[in-house]
Amino acid sequence: MAKTKKVVQLMPTDIKEELLKKYPPKVARKRAKQIMINEATEAEAPPEILANVRTIPGIITMRGCTYAGCKGVIMGPTRDILNITHGPIGCGFYSWLTRRNQTDPGPDGENYMPYCFSTDMQDQDIIFGGEKKLAAAIQEAYDIFHPKGICVFATCPVGLIGDDIHAVSKKMKEKFGDCNVFAFSCEGYKGVSQSAGHHIANNQVFSHLVGENEEAKEGKYKINLLGEYNIGGDGFEIDRIFKKCGITNISTFSGNSSYDQFASAQHADLDCVMCHRSINYVADMLETKYGIPWIKVNFIGAESTAKSLRKIAEYFGDKELIDRVEEVIAEEMPEVKAMAEQVRPHTEGKTAMLFVGGSRAHHYQDLFAEMGMKTLSAGYEFAHRDDYEGRHVIPELKPDADSRNIEEITVEADEKLYNPRKTPEELKALEDAGYEFKHYAGLNEQMDKGTLVIDDLNQYEADKLVELLKPDIFCAGIKEKFSIQKLGVPMKQLHSYDSGGPYAGFKGAINFYKEIDRLVTSKVWSYMKAPWQESPELTATFVWE
Amino acid sequence: MALLKHTPVEIKERKALTINPAKTCQPIGAMYAALGIHGCLPHSHGSQGCCAYHRSTLTRHYKEPISAATSSFTEGASVFGGHANLVQAIDNIFTVYDPEVIAVHTTCLSETIGDDLKQIFDKATKSGKVPEGKTCLGAATPSYVGSHVTGFSNMVKSMAQLAEPSGHKSHKVNVIPGWVEPADMAEIKRIAEMVGVDITLFPDTDGVLNAPLTGEYKMFPDGGVTVAQLKKTGDAIGTLALGEWCSADAARWLDAKCKVPCTVLDMPFGLAATDRFIDVLRTVAGVSVPESVAFERGQLVDMISDMHQYFYGKRVAIWGDPDQLISMCEFLVSLDMQPVYVVTGTPGKKFEARIKEICADKPFEVKVKAKGDMFLMHQWIKNEPVDLLIGNTYGKYIARDEDIPLLRWGFPILDRQGHQYFPTVGYKGGLRLLEKILTLLLDRKDRDDPETTFELVL
Ligand code: SF4
Ligand code: SF4
């Protein structure tokens with residue numbers, strides 16, 4: 001494909017026009033607001049993007065649903081909570097082990113992640129209601145497994161027929177006494193995308209779990225890591241680094257997590273947010289209720305990892321930690337740099353496109369930059385405007401029917417447990433020195449002028465973009481993988497990592513460099529045509545010597 | 001430590017909780033079947049999550065792009081009906097993707113609301129959203145009835161319902177292959193060609209879900225049965241439906257409505273089922289079977305006789321879809337293997353009876369359950385172990401925990417390749433199955449034999 005590289009430089013406006021050309025006028029009008037030329041080069045386009053709005057019926061979207069965000073993303077990686085999907089069999093089946101959340105069951109060995117539990121609703125349950133079956137299923141799960149917690153997830157038909165899953169759960173919790181049972185109204189149709197499901201999950205975890213374990217936790221520098229799901233072992237690598245630095249990770253929301261981690265989150269002194277989209281509001285709630293400040297971090301990319309570690313150390317302000325962090329960075333970096341040098345001759349100047357999640361399309365640009373690669377176009381599957389434009393736009397976001405669907409919980413300072421970790425003066429001193437709390441600048445800021453930022457990219461546009469701009473690599477999910485590759489362009493899955501990883505932290509960066517090097521130098525992309533297809537006209541016959 | 005460490009040996013009856021299902025929901029089957037129509041874009045009428053899940057799972061299994069659209073229900077649509085969404089979707093799909101056919105299936109959501117696809121198609125047609133010469137077809141696939149197999153069957157029936165009998169019989173034979181791999185569909189066509197019978201195979205995912213890498217992306221690859229061919233199925237001399245669960249409904253409909261006589265057969269996995277398939281095929285078409293077919297058959301018989309000692313008496317646990325399990329169990333029994341545990345998630349008492357019949361008077365007792373799950377099967381294994389597992393990828397946890405070899409066969413296979421390209425139907429497919437079983441059993445033997453008795457020669 002390198003041979004067929006486009007020589008003509010296309011203007012971003014032309015590309016945008018090309019993407020919109022085929023749509024019916026109404027669709028084109030809507031998509032035009034979701035395709036943004038970064039730092040507006042055209043006068044009529046304000047640097048604002050339409051995000052978190054409904055996908056247009058009939059358009060082949062990359063998105064999933066609320067249930068997938070709730071059960072799959074947030075609750076999926078918690079090993080010792082038994083998750084029951086209340087609904088027909090499909091939803092439970094598809095979210096069974098498909099997200100590559102790695103887990104270490106530890107000495108207690110409790111781990112229900114390899115299991116799929118479902119009430120497998122039948123037509124009589126839909127007609128007469130499924131509450132009885134749900135109660136019986138919870139009972140059976142309790143009798144066989146005796147878990148610490150059971151969570152119940154509603155699928156589309158459950159919401160329609162009106163089963164009160166919360167009442168059933170409450171009743172069972174009271175009956176058992178030693179098992180926390182709670183439920184999630186995460187019907188697929190509730191929101192625009194997975195993002196609604198994250199919100200529903202986080203709210204319930206916050207209301208039913210966080211703060212339950214009052215026992216103090218050991219550790220000098222205690223943090224929580226929010227929005228990290230341990231795909232391909234990312235969380236393991238981050239934890240390795242924390243440990244080396246002497247930082248105690250009380251809880252990860254929710255990669256390689258356990259019941260007790262959530263229940264003890266209030267003991268941390270700082271919250272570090274990885275995936276802004278999936279969890280920024282939990283950080284806010286933890287601050288309001290317990291007085292824990294939060295910062296945005298990024299452990300994707302070696303430089304970003306170093307930066308995030310320094311930021312954590314600066315917060316605690318202890319020389320001991322600051323020195324230790326520098327030591328660790330000094331120890332880890334040479335190997336990373338050596339690998340970066342090794343791949344650079346192959347990757348320098350190459351181009352990428354990233355369309356994943358609600359933070360990954362941003363985080364991974366750091367890794368590509370470390371290899372000298374440029375991001376031509378990027379966007380999210382389920383972001384909101386703040387993920388693109390930064391948190392300062394949050395007050396501007398107007399609630400629509402879909403966002404009103406999701407319960408907003410109001411949190412107040414806990415009478416007993418609220419404990420501001422820093423005095424207002426200390427916070428101010430840090431901020432005056434340029435320290436940023438509760439801050440996320442968003443994806444647009446980092447991207448070059450004139451690049452295309454596209455929300456809720458669909459299959460048609462993805463294929464068109466690749467045809468027009470011929471990137472050296474395209475990053476998205478499994479549904480996009482093979483249509484892109486058919487075009488002769490390598491495609492790297494950044495949700496499930498194509499069974500690779502970890503890519504976080506220092507060791508992860510090394511893995512990623514090697515992986516991208518492999519992909520962009522692979523010979524396979526030069527095999528598209530057989531020799532006789534290169535020159536189909538037969539001009540002479542072969543003469544045997 | 002075991003991965004499924006919480007699975008107790010003691011079996012308690014469960015009435016409400018399914019654990020580790022051996023089935024999934026209807027729409028995914030309908031989506032797969034629809035991909036076997038030429039130029040077809042499957043469409044999921046419901047909220048977009050179901051469609052995303054079905055596409056992801058099919059993509060992971062076939063390692064091919066699976067395009068499908070969705071009605072992307074809002075909460076409003078969920079309450080007031082999804083008419084407007086579907087009409088709008090039809091318009092957008094024909095404008096943007098330009099397929100020949102849109103094959104719509106419902107989800108549990110649109111079924112619960114009670115959306116009527118026929119009515120919506122009429123509305124779309126009347127308002128000019130369906131271009132001249134293009135087709136919309138639909139199947140009701142409520143996920144709280146049956147399983148993915150039921151959904152497949154329902155879509156295949158809708159395909160048959162496109163038949164427009166002309167009153168003149170053709171010389172063609174309809175063959176409905178059921179939920180098998182693209183490679184199996186190709187093999188069925190090859191066998192029919194060898195026998196010299198002109199067939200219409202539907203659905204036909206060969207050429208659609210095993211397309212080559214060329215640097216070009218075709219949203220609608222060259223394969224698949226065309227609508228024109230489907231229209232003519234009403235003129236065929238007969239229909240062979242392979243598999244009671246997957247294919248019989250469509251065949252019986254053609255029989256009742258278009259007077260195309262049908263025979264419902266088992267899927268042609270293994271020796272006997274392939275024999276019956278070819279025998280009926282030649283009878284319906286009135287042709288004689290060439291020597292080349294008998295030659296392939298003889299090769300399979302040869303391998304069975306040569307390797308019988310390794311198959312003999314081996315205990316097998318097997319799970320998957322009813323039609324596939326029936327033929328496979330018959331094959332295993334014919335090798336003197338012992339399918340002792342047989343589980344499908346798809347409901348159907350007839351299935352249990354059939355498996356019991358296949359295993360009757362054999363020197364083992366079969367435990368069979370329709371509407372069962374893999375948790376129960378694992379408990380059976382814990383109580384009395386087996387030598388081999390046959391089923392989809394989800395069996396790898398049991399395989400590792402119990403240290404039993406696993407033959408990946410069925411749906412979905414998420415972690416191995418080859419099933420898209422190498423058939424397991426027919427005599428050639430039988431050879432491949434035997435080769436795989438032998439390799440698993442012998443690798444195992446080579447690993448476990450003490451050094452003193454470690455063998456070089458078979
Ligand atoms: S909501 Fe219904 S149709 Fe959709 S994935 Fe779940 S079971 Fe299947
Ligand atoms: S955006 Fe990405 S990291 Fe965030 S929840 Fe998603 S897949 Fe995850």
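Naming: A, B, ... by sequence-line order, numbering from 1 per chain.
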Identify which part of B/Ser47 has an atom lying under 4.5 Å from any heavy atom of chain A, answering side chain, backbone, both or neither.
side chain
Indicate yes or no: at least one non-hydrogen side-chain atom of B/Thr24 is less than 4.5 angstrom from one of A/Tyr94.
yes
Scan residues 104-139 of chain A for pairs that pass ring-ring contact (aromatic ring centres under 6.0 Å, His included), counting only residues two or more places apart or in two chains.
A/Tyr112-A/Phe145, A/Tyr112-B/His6, A/Tyr115-A/Phe117, A/Tyr115-A/Phe145, A/Phe117-A/Phe145
Centroid-centroid under 6.0 Å between A/Phe93 and B/His148 rings
no
For A/Thr61 and B/Arg55, which heavy atoms make the closest approach, and how far apart are they?
O-NH1, 3.1 Å
Which pair of non-hydrogen atoms, one from B/Arg14 and one from A/Ile144, has the smallest distance, and what is that distance?
CD-CD1, 3.8 Å
With a 4.5 angstrom heavy-atom cut-off, which part of B/Lys23 approaches chain A: side chain, backbone, both or neither?
both
Heavy-atom pair of closest approach, residues A/Trp96 and B/Tyr394:
O-OH, 2.9 Å
Turns out that what part of A/Gln194 lies under 4.5 Å from chain B's heavy atoms comes down to neither
Okay, A/Ile84 and chain B: the region with an atom under 4.5 Å from a heavy atom over there is side chain
With a 4.5 Å limit on heavy-atom distance, are the side chains of A/Ser95 and B/Tyr53 in contact?
yes
Which region of A/Ile138, side chain (C-beta onward) or backbone (N, CA, C, O), has a non-hydrogen atom less than 4.5 Å from a non-hydrogen atom of chain B, or is it both or neither?
neither
If we only count heavy atoms from C-beta on, is the A/Ile59 to B/Tyr97 side-chain gap below 4.5 Å?
yes
Given a strict heavy-atom distance threshold of 4.5 Å, which part of B/Thr57 is in contact with chain A: side chain, backbone, both, or neither?
side chain
Shortest non-hydrogen contact between B/Ile113 and A/Leu160, atoms and distance:
CG1-CD1, 3.7 Å
What part of B/Ser147 gets within 4.5 angstrom of chain A, counting heavy atoms only: side chain, backbone, both, or neither?
neither
Got a second to check how far A/Lys481's NZ is from B/Ile66's CD1, nearest 0.5 Å?
15.0 Å
Short question: side chain of B/Gln88, backbone of A/Pro57 - any donor-acceptor pair under 3.5 Å?
no
Is the shortest side-chain heavy-atom distance between B/Leu41 and A/Ile60 below 4.5 Å?
yes
Part of A/Val466 lying under 4.5 Å from any heavy atom of chain B:
neither
For B/Leu4 against A/Pro114, the heavy-atom pair lying closest together
CD2-CB, 3.7 Å
If you count heavy-atom pairs within less than 4.5 Å of chain A, which of B/Pro142, B/Ala68, B/Gly146 leads?
B/Ala68
Do you know which of B/Glu13, B/Glu10, B/Gln26, B/Arg60 has the most heavy-atom pairs with chain A at a distance under 4.5 angstrom?
B/Arg60
Less than 4.5 Å to any heavy atom of chain A: does that hold for the side chain of B/Phe94, its backbone, both, or neither?
neither
Among B/Thr74, B/Leu3, B/Val145, B/Thr70, which residue has the highest count of heavy-atom pairs closer than 4.5 Å to chain A?
B/Thr74
Count the heavy atoms of every other residue, nucleotide or ligand shown that sit under 6.0 Å from NZ of A/Lys529, and state whether that count exceeds 12.
yes
Carboxylate-amine/guanidinium proximity below 4.0 Å for A/Lys486 and B/Glu64
yes
Would you mind checking which part of A/Thr66 comes under 4.5 Å of any heavy atom in chain B, side chain (CB onward), backbone (N, CA, C, O), both or neither?
neither
For residues 209-216 of chain B, run the donor-acceptor check on the side chains, cut-off 3.5 Å, and write out each pair with its distance to 0.1 Å, sequence neighbours left out.
unit_1	atom_1	unit_2	atom_2	d
B/Asn210	OD1	B/Gly207	N	2.6
B/Asn210	ND2	B/Asp206	OD1	3.0
B/Thr214	OG1	B/Glu216	N	3.2

Is any side-chain heavy atom of A/Tyr23 closer than 4.5 Å to one of B/Asn92?
no
Side chain proximity check, A/Asp463 to B/Met219, heavy atoms < 4.5 angstrom:
no
Please classify the contact between A/Gln122 and chain B as side chain, backbone, both or neither, with a heavy-atom cut-off of under 4.5 Å.
both
Main-chain N/O of B/Ala16 paired to A/Lys133 side chain as donor or acceptor, under 3.5 Å:
no
If you round to the nearest 0.5 Å, how far is CD of A/Glu187 from CG of B/Leu109?
10.0 Å
Against chain A, label B/Lys12 side chain, backbone, both or neither, depending on which of its atoms sit under 4.5 Å from a heavy atom there.
side chain
Roughly how far, to the nearest 0.5 Å, is NZ of A/Lys479 from SG of B/Cys51?
8.5 Å
Rounded distance (nearest 0.5 Å) linking atom CG of A/Leu97 with atom NZ of B/Lys396
10.0 Å
How far does OG1 of B/Thr346 sit from CD1 of A/Ile89, to the nearest 0.5 angstrom?
10.5 Å
For each of A/Met121, A/Gln459, A/Met113, tally heavy-atom pairs with chain B at distances under 4.5 Å, and name the one with the top tally.
A/Gln459
Side chains of A/Cys116 and B/Pro21 in contact at under 4.5 Å (non-hydrogen atoms):
yes
Flag yes if more than 12 heavy atoms outside B/Phe80 fall under 6.0 Å of its CZ atom; otherwise flag no.
no
For the candidates A/Glu480, A/Met62, A/Lys26, A/Arg63, which exhibits the highest count of non-hydrogen atom pairs separated by less than 4.5 Å from chain B?
A/Arg63
What are the two closest heavy atoms between A/Ser193 and B/Gln48, and how far apart are they?
CA-NE2, 4.1 Å
Considering only heavy atoms, which portion of B/Lys371 lies under 4.5 Å from any heavy atom of chain A: side chain, backbone, both, or neither?
side chain
Heavy-atom distances under 4.5 Å only: say whether A/Ile484 touches chain B with side chain, backbone, both or neither.
neither
Part of A/Arg54 lying under 4.5 Å from any heavy atom of chain B:
side chain
If you apply the rule side chain to side chain contact (heavy atoms under 4.5 Å, CB included), what do you find for A/Ile126 with B/Thr112, and how did you get there?
CA-CA 8 Å; A/Ile126 300 291; B/Thr112 310; 4.0 Å; yes
Does some side-chain heavy atom of A/Pro88 sit less than 4.5 Å from a side-chain heavy atom of B/Cys108?
yes
